[in-house]
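For reference, the structure is listed below as structure tokens.
Worth saying up front: this structure is predicted, and the values here are computed from it rather than measured.
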Amino acid sequence: MRVPLSWLLEFTDCALPVEEIARRLTLAGLEVEGIERIGVFSRDVIVGAILGCTAHPRSDQLRIVELDLGAGRRASAVTGAPNIAEGATGARVPVALPGGVLIDPKADGFDLYEVGARPVLGVESSAVLCSEKELGLSEDHSGVLVLDPGAEPGTPVIDHRPPGPDALADIVLEIAILPSQGRCLSIIGVARELAAVARSSFRISLDAEHIPLKADAFDIEIRDPDLCPRYSGYVLEGLSVKPSPLWMQRRLVLAGHKPYNNLVDVTNYILAELGQPMHAFDLDRLPARNIIARRARPGETMYTLDQKLDEGPEGEKDPPRVLDDSVLLITSADEPVAVGGVIGGLESQIHEDTTNILLEAASFDPISIRRTMSLLKVTTESSVRFSRGVDPALTLVALQRAAHLLKEIAGARPAGAIADRYPRPREARRLEVRRESICRTLGMDLPAEEISSALARLGFEIDAGRTDEETIAVGIPGFRSDVEIAADVAEEVIRVIGFDRLPARRLAEPLPRQRRSPSWEIRFGLRDRLVGAGLQDTISYSLTTPAAEKPLLPPWRGDGASPPYVEILNPASRERTSMRRTLLSGLMEAVARNHRHR
């Protein structure tokens, strides 16, 4: 996940250097895999001194510039900047080396490009001379930025020209989010974690429309609340679909999203900011003014947004997707318009002439979403978040936030109230945890006050009336579905106060009595002898499919049908659904795999 630092710091006043932010997040379990510096922040953008400037042999508009990069390094760049001519010798200019990431000055919106060595009309250019726009300092692209004459060649440009508050340059953290950390698949989620481990403030201050709720504002029915606990919808009219403003495009690109138009960009913006996926239906293209969330019927089909209906040059055309009853469909007039939580349908997608929309924000069962992703072989930003769990409380916040943004950048007019169906509201969860239990789990003594403070910084509610020196009453927030038992609470405490505080000690508990296992000794002794005799030891999966085993088993000779296989309720793969009945299937898989790889 890509997290722009400027966006992150809107929700926390953490003043630590970016390297220390990365270190603390990594120690807390959010591994920062990389730090990307863009524009003037890039370490590959340094001061260069112009040694000479000559005309390009094949172009009157281009010049070849020889550069001193300090420490005996040299480079050459081909430029067409009007302010770089033969008289520029000795000038200090910003030079981007291969690998540096700059802002694309030729893009219609906001976009990035990576510098690389390349020939320009037969002359090798190993660097780029940067304008203010490429560095993200301003919109000026009239020429190369000229720096202070005293700037030392080879030093970072940011030391001589720091960006202002409105600069487009930024620093992006690449964070690996584990499956149990779905709460962190948003800017606000990461900001909450950072504020907790950095002991800084955490704030959520979002501009949003205050919209009333009315259950029948739009005809919504949830037939399978186990798969769709909550579904909220809101109608907006009079939109004008056009490119989104530069500030929104910038944030989306830095966060790893491609801008499309203001309507799609708002849903992606809220997904990145809040972690709540959204979908917009063209209201005038829905079969009816109603929404029903139901299971698909076996064999039911639909076309999704990633498919093509037009025949190509060779006449190819995508077939419709075939569904089964494990898939949750969003339908209108009983016609599928989206696969719930995964991907939208083609018929109701947004077009350039769209003016009225139904904006959806819902909550879906994570296990159902994972099954659907596996069945359809489709992974989207929305499905990734739903598969890891999304707090149902976010649906209303997301709709109110989206209404404000679409009113601001698309001229949308709110139409009525939010229609909200929540047939089985999630009950508030609480735990009473003994301080002694937490200290024993962590192997260190902590006062109840420090434990409570650490949990409060992560968003847990501490019931002061039921908390004393030995018992902490913890209210678990909706976005922490992963916390269920006292050991989970202990883990959260040590993440915040720091694993480096854990004392190094010998094990205090007595070791269990060691007993010999004759069967284990016989099995492993026999295996070692067989391998020593030249045989190969093969370890294969204990899971397979009945179809894979059928050619390898003798016909069933008993009365009636053969006994059913022991099946896995939630298989991770379609090739591993049942417990095996013979070792031959695993052996044959190994033979086939070895043959493919020679």
State, yes or no, whether a side-chain contact exists between [X] and [Y] at a heavy-atom distance under 4.5 Å.
X	Y	result
L185	R388	yes
E300	P336	yes
L173	R2	no
V337	L286	yes
E589	L587	no
L329	M302	yes
E273	R401	yes

Measure from the side-chain N and O atoms of [X] to the backbone N and O of [Y], and report whether any donor-acceptor pair falls under 3.5 Å.
X	Y	result
N261	V264	yes
T354	H351	yes
Q307	P319	yes
S232	T395	no
E492	V489	no
S383	T379	no
R434	I472	no
E567	M579	no
S374	R370	no
R598	N594	no

As an exercise, state the distance from [atom1] of [X] to [atom2] of [Y], rounded to the nearest 0.5 Å.
X	Y	atom1	atom2	value
L271	L274	CG	CG	9.0 Å
R424	I222	CZ	CD1	10.0 Å
L552	E549	CG	CD	7.0 Å
L376	I343	CG	CD1	8.5 Å

Please check if the number of heavy atoms outside [X] that lie under 6.0 Å from its [atom1] is greater than 12.
X	atom1	value
Q536	CD	no
R440	CZ	no
F499	CZ	yes
R523	CZ	no

Which one of D420, D365, D391 satisfies the salt bridge (Lys or Arg N to Asp or Glu O under 4.0 Å) criterion with R230? D420

Under a 3.5 Å cutoff, is there a donor and acceptor pairing between the side chains of D265 and S244? yes

Polar contact flag, side-chain donor to acceptor under 3.5 angstrom, Y303-R321: no

Run the numbers on T441 and I438 for side-chain contact (heavy atoms from CB on, under 4.5 Å), then give the verdict. CA-CA 5 Å; T441 300; I438 292 179; 5.8 Å; no

Relative to Y565, does R580 satisfy both conditions: NZ or CZ under 6.0 angstrom from the six-membered ring centre, and within 45 degrees of the ring's axis? no

Pair [X] + [Y], salt bridge at N-O below 4.0 Å:
X	Y	result
R297	D334	yes
D219	R289	no
R294	E221	no
E491	R495	no

Quick one, L27 with R23, criterion side-chain contact (heavy atoms from CB on, under 4.5 Å). Give me CA distance, side-chain angles, the key distance, then yes/no. CA-CA 6 Å; L27 289 177; R23 188 186 75 86; 3.2 Å; yes

Nearest heavy atoms of I330 and G340, plus distance in Å: CG1-CA, 3.9 Å

To check you understand the geometry: which heavy-atom pair defines the closest contact between R371 and L569, and what is its length? NH2-O, 3.3 Å

side-chain hydrogen bond (donor to acceptor under 3.5 Å, both in side chains) between R251 and Y269, worked out: CA-CA 8 Å; R251 286 195 163 178; Y269 187 89; 2.9 Å; yes

Which residue is it: I418, L406, V235? I am looking for the one with a side chain to side chain contact (heavy atoms under 4.5 Å, CB included) to L359. L406

